[in-house]
Amino acid sequence: MAPKRQRAPTSPIERANCQTDKEFIANYLQPSVTSSKLHPSSPAQLPPEPWTTEWSHPKTDTKYTISLVQSGKLSEEELKACFDLIKETSYDDYQNSKDKWQPRKKMEEMRSPDLRYVLVKDGSSGSIRAFTSFMPTYEEGQPVVYCYEIHLKPELQGSGLGSLLMGFHVTVATNLPPITKVMLTCFLSNKRALDFYKRHGFGTDDISPGPRKFRSGKVVMPDYVIMSKPVVRSAPLTKDKPSERQRSHTDACGYHSPENKNHKDERPELEPSTSSDGKS
């Protein structure tokens, strides 16, 4: 029997997720975003950031390298380093939540095929000192760039690196129609992360869960909030049209990719004065 032909990608998001890292950088992180602008409510300090492969700490002048890597291309050593950084910065937040810290579930999520990682490595040792992961996807039918994780080692917190990494998410969103927002999940217990996101133009999204009231009168508050930052375009960047709002698809990359994962558990953290949280 002849092998079944794979379906060609039908939406801009599917096509983006099927691209190599080099293609993704060229198409969504390199292009000029002058034809796009932030939503009027967004603060000026978080504009779209052009891609860069180098960064220096403003106080110590320590050199770091920046790279984009699809989840399937991460080495086991890199994956473990990212996992360990999540645990280092966010373990207490997970343990204090309803679902607790679930290492197997977290590792499974980190291997999601459509995830891309921005790795920040020490220029001398090559060790991972910070990272963020994201995915162009559909959340409740809305096309978004979802920030899954963003974590920095203590020596990088408050250095401006967190803002740079968040700016990459905005760049992808502005260069990938039909996406109009960046979205993430944050533990309510992570006050530093909440403040960081708010300073950078994120607010509570309409799909964020509210308190649950039971017949007994008991009220249960959620332990996380879904936040988003809108972006608008002053001119269309491509002629691509939004695809049908579907929950899942089998794309041309040859695997089944859910429209969203359960974004209710992952929360990273960032800088001391600019801490942040991701999603899961």
Side-chain angles (χ1 to χ4, degrees), residues 19-30 45-94 103 106-107 109-112 115-135 145 147-172 184 190 192-193 196-197 199-200 266-280:
Q19 292 182 9
T20 66
D21 293 322
K22 184 177 181 180
E23 292 169 336
F24 193 93
I25 290 172
N27 291 323
Y28 308 114
L29 281 165
Q30 290 285 41
Q45 66 262 38
L46 187 60
E49 290 285 353
W51 180 249
T52 181
T53 58
E54 297 179 341
W55 179 82
S56 297
H57 196 295
K59 293 182 180 179
T60 66
D61 204 34
T62 304
K63 309 296 183 185
Y64 297 86
T65 64
I66 300 177
S67 59
L68 181 74
V69 186
Q70 291 174 298
S71 63
K73 299 294 180 64
L74 286 173
S75 69
E76 286 301 312
E77 182 181 6
E78 289 172 331
L79 188 64
K80 184 179 185 304
C82 291
F83 177 87
D84 290 344
L85 186 51
I86 295 173
K87 186 174 181 180
E88 177 184 340
T89 62
S90 303
Y91 178 80
D92 288 343
D93 287 320
Y94 278 101
K106 173 57 63 180
M107 183 61 79
E109 177 189 270
M110 292 177 69
R111 296 181 187 273
S112 299
L115 268 182
R116 293 183 196 262
Y117 287 71
V118 177
L119 305 179
V120 180
K121 297 182 178 182
D122 183 284
S124 299
S125 67
S127 62
I128 293 176
R129 311 305 293 171
F131 83 95
T132 185
S133 59
F134 67 92
M135 179 194 298
V145 168
C147 171
Y148 276 62
E149 305 277 359
I150 182 166
H151 303 262
L152 286 77
K153 284 284 191 178
E155 72 268 19
L156 294 177
Q157 296 175 3
S159 66
L161 178 61
S163 295
L164 177 70
L165 296 179
M166 288 305 302
F168 291 152
H169 298 135
V170 176
T171 303
V172 174
L184 54 86
N190 194 338
R192 186 169 59 180
F196 172 85
Y197 290 134
R199 285 198 303 273
H200 288 78
E266 163 167 341
R267 346 313 173 190
E269 78 148 303
L270 257 182
E271 325 197 353
S273 50
T274 46
S275 303
S276 84
D277 238 347
K279 106 166 204 168
S280 127

Glu49 backbone acceptor or donor facing Thr171 side chain under 3.5 Å: yes

Value rounded to 0.5 Å, distance of CZ in Phe196 from OG in Ser163: 4.5 Å

Side-chain donor/acceptor of Gln70 to backbone N/O of Gln19, under 3.5 Å: yes

Parallel, tilted or perpendicular, as decided by the 30° and 60° cut-offs, for the rings of Trp55 and Tyr64: tilted

Lys/Arg-Asp/Glu bridge criterion (N-O < 4.0 Å) met for Arg111, Glu76: yes

Distance (rounded to the nearest 0.5 Å) between His151 NE2 and Lys87 NZ: 13.5 Å

Glu77 atom CD, over 12 foreign heavy atoms within 6.0 Å: no

Value rounded to 0.5 Å, distance of OG in Ser133 from CD1 in Ile86: 6.5 Å

Whether Tyr117 side chain and Met110 backbone form a donor-acceptor pair below 3.5 Å: yes

Approximate separation, where rounding is to 0.5 Å, of Leu119 CG and Glu78 CD: 5.5 Å

Separation of Leu164 CG from Met166 CE (nearest 0.5 Å): 11.0 Å

Of all pairs that satisfy salt bridge (Lys or Arg N to Asp or Glu O under 4.0 Å), the ones with a partner from residues 51-74, not counting sequence neighbours: Asp61-Lys63

For the student: nearest non-hydrogen atoms of Val69 and Asp21, plus distance: CA-OD2, 3.3 Å

Phe168 side, atom CZ; Thr132 side, atom OG1 - distance, nearest 0.5 Å: 10.0 Å

